[in-house]
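Positions are given from 1 along the sequence.
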Amino acid sequence: MAPLRVLHQEPNRRGLSTHHLGPPRASFVKTCSLSDPDFDDCSKTAVQLLFNALGPGLPEIDLPPLDPLKIPKIRILQGDGPVNVNAALDDVTVSGFGKTDVLLSQVDSKTYDFYTKVRVPKIRIEGTYDLKGKILLIPLVGRGRCWFEPSNMTIDIVSDVKLYEKDGFTFFNVTQVHVKYNIGVLKLYMHNLFDGISSLEESTNAYLNANWRPVSESLRPILSKTIEDILLGFMRQIFHNLPATFMIEDVKNNSLLSKKDDKK
């Protein structure tokens, strides 16, 4: 993680204190107050600004672009229900999160846990798969390129948060992210199924797309975990570099504060 670069305040022309993420203040930082009756609206705008900034990435804190996002490997192990899969995705590219539309943003005034609801028009996951298992009781085996496209996705995100102090500042530590989602449609294609027997490959992909709803439900634990891991990584990197008061100015330093080492 890059060294902290958000540790100073400077007076503005009216003598008020304004926070900066490097000089000048970063355009994606919007400060809200929990005591403000319009906090939820302010927070929604603030989180939208963050998502907009995440798209191209934040090199000042070594944060790579969220859209497209490169993931070296996703390991998939699932043995319950209609999916029994031992698979891996390599050289994965996830695109679409850059167009995230924030629908709702709330913060628990006692625990500081975040609740966020977003909509993503389309996500595309591409990579090289290595698969052996069953989906909807269909035996599947193969290795090759693949893509998955969930569209019109709404995602409910609950983020568990603790507070900690560092260098005289209070920070949010996002310890866990929980995701629930709904999608409008799922499209997918896996090349080179059954050692490239084209008739089996095409008929199997056609069947999986025609039955996308049960396929989507079968893949829900896998996709949820992938989204949770992506969001957790980005949120930790952001909030370990962004003092809590830059986002919520009336954060209270109380018994919720944990020791510095708790964030690890």
Spatial distance of atom CG (L242) from atom CE (M235) [nearest 0.5 Å] | 11.5 Å
How would you list, by chain and number, every residue that makes a side chain to side chain contact (heavy atoms under 4.5 Å, CB included) with R145, sequence neighbours excluded?
-> E126, T128, H191
Not counting sequence neighbours, which residues clear side chain to side chain donor-acceptor pair (under 3.5 Å) with D36? List them please.
-> none
For the residue pair Y115 and D156, confirm or rule out a side-chain donor-acceptor distance under 3.5 Å.
-> yes
What distance separates T111 OG1 from L163 CG, expressed to the nearest 0.5 Å?
-> 9.0 Å
Which side chain to side chain donor-acceptor pair (under 3.5 Å) pairs, counting each pair once, include a residue from residues 92-105, with sequence neighbours left out?
-> S43-S105, K70-T93
Quick check: does any side chain N or O of R236 sit under 3.5 Å from a backbone N or O of T175, one acting as donor and the other as acceptor?
-> yes
Measure the spacing between CG of L223 and CD of E217 and express it to the nearest 0.5 Å.
-> 11.0 Å
Pairs flagged by side chain to side chain donor-acceptor pair (under 3.5 Å) wherever residues 195-216 is involved - sequence neighbours left out | Y189-E201
Can you check side-chain contact (heavy atoms from CB on, under 4.5 Å) on L188 and E149, steps first, answer last?
-> CA-CA 6 Å; L188 62 91; E149 271 190 2; over 6 Å; no
Are any side-chain N or O atoms of D108 and backbone N or O atoms of K110, one a donor and one an acceptor, separated by less than 3.5 Å?
-> yes
Hey, are the side chains of L186 and V215 touching, using non-hydrogen atoms and a 4.5 Å cut-off?
-> yes
Within one Ile-Leu-Val-Met-Phe-Trp-Tyr cluster: V141 and L200, side-chain cutoff 4.5 Å = yes
Rounded to the nearest 0.5 Å, the CE atom of M190 sits from the OH atom of Y129 at a distance of 6.0 Å
For C32, which residues count as a disulfide (SG to SG under 2.5 Å) partner, sequence neighbours excluded?
-> C42
For F239, the option from Y164, F234, F114, Y112 that meets ring-ring contact (aromatic ring centres under 6.0 Å, His included) = F114
Given the rule in the side-chain contact (heavy atoms from CB on, under 4.5 Å) test, do M153 and I155 qualify, once you have shown the distances and angles that lead to the verdict?
-> CA-CA 6 Å; M153 175 179 281; I155 309 173; 3.5 Å; yes
Note, F28 side chain near I238 side chain (heavy atom, < 4.5 Å) = no
Does some side-chain heavy atom of V94 sit less than 4.5 Å from a side-chain heavy atom of L66?
-> no
Is the closest side-chain heavy-atom distance between N173 and H240 below 4.5 Å?
-> yes
D62 to Q237 - nearest heavy-atom pair and separation = O-NE2, 3.8 Å
Quick one: list whatever passes side chain to side chain contact (heavy atoms under 4.5 Å, CB included) with K225, sequence neighbours left out.
-> E228, D229
For N152 and I183, indicate whether the former's side chain and the latter's backbone hold a donor-acceptor pair under 3.5 Å.
-> no
Backbone of G98 reached by a side-chain donor or acceptor of D67 within 3.5 Å | yes
Does NZ or CZ of R124 lie under 6.0 Å from the centre of the six-membered ring of F148, at an angle within 45° of the ring axis?
-> no
Does the side chain of V118 reach to within under 4.5 Å of the side chain of I157, using non-hydrogen atoms?
-> yes
Interatomic distance, CD@Q48 vs CG@L103, rounded to 0.5 Å, equals 9.0 Å
In Å and rounded to the nearest 0.5 Å, what is the NE2 to CD distance from H178 to Q176?
-> 4.0 Å
State, with a plain yes or no, whether a side-chain heavy atom of L231 is found less than 4.5 Å away from one of V179.
-> yes
So do D113 and V107 actually touch side chain to side chain, heavy atoms under 4.5 Å?
-> no
Beyond-backbone contact of Y181 with T154, side-chain heavy atoms, under 4.5 angstrom = no
